[in-house]
Visitor: 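There's a structure below that I have some questions on.
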Amino acid sequence: MKNILFLYFFTLLSLLCFGQSYTFPISNNNYNVIELKDDQNKINGYFLVNTNKGFHFDILDKNLTKISSGSSSELVPYNFLNLFKSVKLINDKLSVSKIYYNPNTYSFPFEATYIFDVKTGAFEKMFYQKEQELVLSETEQSFHQILKGQNGKNLSEVTPIAYNNKTFFVVESYVLPKVYLFSSKIRESKIEILDGKGSPIWEIYKNYRDSLEQSFYNLISIKNGKVFILESNFESKRKFLGSVLKIYNLDDGKLISSINVNTESSQFLEISRVEEFEGGFTLIGLYKSPSKNYNDLIESKYAGFYRWKLKEDGTTISRNLYGWLRLTAKLDFFIGRKDEVSNYLNPLISFDTKNGFSFILKNERDDLYSSQTKNYFLLNFDSKNEFTSFKKYNKDEISFVDFNYDQTKKQLNILEFEHLKKNSGNLKIANSDTNFISKSFQLTEDNITPNSITDDHKVLMISKEKDNLILNLVTINL
């Protein structure tokens, strides 16, 4: 197979330069390849995992050079779904967060976060919920032990963060009522910052058993040493007064600034993502028409999405709304709710380009029972905020594979795959400097799948041969 791959790539040598390769043993289809990315979507390495009888992994650098191997002995029963929620490089540690869920019961999903040494692959510690407390254990616990500690009321989520060569753990915890319904009130919530050893530094704690407490806190993002927390305020259970985005210093919890996000009269903004740029940050997300009644607000349909650029002190640079009616006419694509089905575009990320700015959005379709991703869209705007062009990625025709962004050059590169037949087609690279006109490279060899694109224009190609997964990095000559 390696010889076939070499001959195949040799025929494309004028366009593609064959690079590094790596072979990873697998069993059946119990494997995964996860890119280790930073906040700017830059690939720093790869996590290859085989999930047969626990999980066994290799850590590779961005050039497919092996750094280390490791494993976990977790044995999850067949009736439990278990997924890799996030895998991150945190300084010299690897954080692996997993989520577990039994679809045959009404219990809530629960999580465990494993910390491994990058250089050796050795297990170091893990976080998991044990009844009322979040436990930091230096001994790996079995899945049965983790499951035994779940009471269905206490939920915790751990997010590891690297900042100034230090490691932090941001913990978001909730206490739910004994019998939880969707309209039930959370009993307690806590956002806590721990140091690299798991010791607490600062926290925001709320006890909602006190009927006078009507401010609810949600962790939105952690960026460059800043913790973004949304405070939502109520006069009563149903009357919504507004919300404030509060920005805290990660090191000591000092409040840096407060920004009024939602007031009684303004559009109701849901914050999907915080993006930083030099001297400020950008908020993106969906919005709805305003309402003082919170139940009506939750039930109301989305009206569009927005992009809000602010300076570090919270001063607005620009604030733009993009309504469905305006976009439907431009895209010739229905967006909104009809017959109990919602079809909308959820912004994933935005970019400043040399010609203006662009959005990548996920087309989601919700009905009464489920939510599913249908397509992806690229929307382009000029510097005057005027819509210029779009591209639709239909997963059955042209797949949106991956992207990278050069913040210095303000250039967005998108990796696309146009399907010609099963497991073959055209590999395409589009960038904002050429108004997103793609360069195309035909892939004629079966069983080779483009996976991701690096910041130095290398594409990770993956193929499978019997009990091995074969990874190849191919350099694109743009």
Side-chain angles (χ1 to χ4, degrees), residues 34-49 55 57-62 67-72 74 84-99 110-130 133-141 146 155-173 190-205 217-229 247-256 273-276 281:
I34 300 174
E35 298 86 16
L36 302 174
K37 296 183 176 182
D38 62 16
D39 286 344
Q40 300 299 321
N41 211 57
K42 181 180 178 181
I43 295 175
N44 294 318
Y46 300 92
F47 176 79
L48 314 182
V49 61
F55 64 87
F57 62 86
D58 285 357
I59 304 173
L60 312 182
D61 67 13
K62 66 178 184 179
I67 300 173
S68 63
S69 296
S71 65
S72 167
E74 65 150 21
F84 289 91
K85 181 182 177 183
S86 69
V87 182
K88 288 175 147 187
L89 284 176
I90 307 295
N91 296 323
D92 59 347
K93 309 300 179 190
L94 179 78
S95 164
V96 179
S97 294
K98 296 201 68 180
I99 188 167
F110 55 93
E111 299 184 17
T113 300
Y114 300 79
I115 308 297
F116 299 91
D117 182 84
V118 169
K119 292 182 180 178
T120 65
F123 170 87
E124 287 199 350
K125 51 181 173 266
M126 68 181 296
F127 292 91
Y128 70 98
Q129 188 73 36
K130 185 177 181 182
E133 62 178 336
L134 180 70
V135 175
L136 173 59
S137 173
E138 295 185 355
T139 304
E140 185 176 356
Q141 303 296 311
I146 298 171
L155 303 174
S156 294
E157 180 178 352
V158 178
T159 304
I161 297 294
Y163 177 64
N164 278 350
N165 296 319
K166 293 188 290 186
T167 298
F168 298 87
F169 298 102
V170 181
V171 182
E172 195 172 12
S173 304
K190 181 166 66 172
I191 298 172
E192 187 176 22
I193 311 299
L194 312 179
D195 65 17
K197 295 181 180 179
S199 301
I201 303 174
W202 61 275
E203 68 176 43
I204 296 175
Y205 170 77
Y217 286 77
N218 294 97
L219 178 65
I220 299 298
S221 184
I222 307 104
K223 295 280 187 181
N224 195 27
K226 301 182 187 71
V227 182
F228 294 78
I229 295 175
I247 306 173
Y248 297 87
N249 187 27
L250 177 64
D251 282 314
D252 55 17
K254 180 182 177 182
L255 180 64
I256 299 171
R273 180 177 169 86
V274 179
E275 300 169 349
E276 281 208 312
F281 56 93

Visitor: Between Asp251 and Phe168, is there a side-chain heavy-atom distance shorter than 4.5 Å?
Guide: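 Side chain of Phe168 against side chain of Asp251, heavy atoms only: contact under 4.5 Å found.
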Visitor: Working to the nearest 0.5 angstrom, can you tell me the gap between Leu134 CG and Leu194 CG?
Guide: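 Nearest 0.5 Å value for the CG-CG distance: 7.5 Å.
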Visitor: To the nearest 0.5 Å, what is the distance between CH2 on Trp202 and CD1 on Ile191?
Guide: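 Answer for the CH2-CD1 pair, Trp202 versus Ile191, is 7.5 Å.
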Visitor: Which distance, rounded to the nearest 0.5 Å, do you find between the CG of Leu89 and the CD1 of Ile43?
Guide: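 Spacing of CG (Leu89) from CD1 (Ile43) equals 12.0 Å.
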Visitor: Treating Glu172 as the side-chain partner and Leu219 as the backbone partner, does any N or O pair qualify as donor plus acceptor under 3.5 Å?
Guide: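 Checked: pair present.
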Visitor: A quick test of your reading: do over 12 heavy atoms of other residues, nucleotides or ligands sit less than 6.0 Å from NZ of Lys226?
Guide: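 Atom NZ in Lys226 is packed in, count exceeds 12.
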Visitor: Taking the side chain from Asp117 and the backbone from Lys119, do they hold a donor-acceptor pair closer than 3.5 Å?
Guide: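 Yes, Asp117 side chain to Lys119 backbone: donor-acceptor pair under 3.5 Å.
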Visitor: Ser97 vs Glu111, test: side chain to side chain donor-acceptor pair (under 3.5 Å). Steps then yes/no.
Guide: CA-CA 7 Å; Ser97 294; Glu111 299 184 17; 5.3 Å; no
Visitor: Any sub-3.5 Å donor-acceptor pair from Glu203's side-chain atoms to Ile201's backbone N or O?
Guide: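 Side chain of Glu203 to backbone of Ile201, a donor-acceptor pair under 3.5 Å: no, none is there.
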Visitor: Near Asn165 CG, under 6.0 Å, is it more than 12 heavy atoms from other residues, nucleotides or ligands?
Guide: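 Not buried by this count: 12 neighbours or fewer within 6.0 Å.
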Visitor: Do Tyr114 and Phe55 make the cut of ring centroids closer than 6.0 angstrom?
Guide: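 Yes; Phe55 has its ring centre under 6.0 Å from that of Tyr114.
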Visitor: Decide whether Ser68 and Thr120 meet the rule of one side-chain donor and one side-chain acceptor closer than 3.5 Å.
Guide: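 Looking only at side-chain atoms, Thr120 and Ser68 do not form any donor-acceptor pair under 3.5 Å.
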Visitor: Is the backbone of Lys166 close enough, under 3.5 Å, to the side chain of Asn91 for a donor and an acceptor to pair up by distance?
Guide: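 At least one qualifying donor-acceptor pair exists.
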Visitor: Mind checking the CG-CZ spacing from Leu94 to Phe57? Nearest 0.5 Å is all I need.
Guide: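 So the gap between those two atoms works out to 6.0 Å.
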Visitor: Looking at Asp195 and Lys197, would you say the former's side chain and the latter's main chain have a donor-acceptor pair under 3.5 Å?
Guide: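 Present.
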Visitor: Between Leu155 and Glu157, does a side chain to side chain contact (heavy atoms under 4.5 Å, CB included) hold up when you go through it step by step?
Guide: CA-CA 7 Å; Leu155 303 174; Glu157 180 178 352; over 6 Å; no
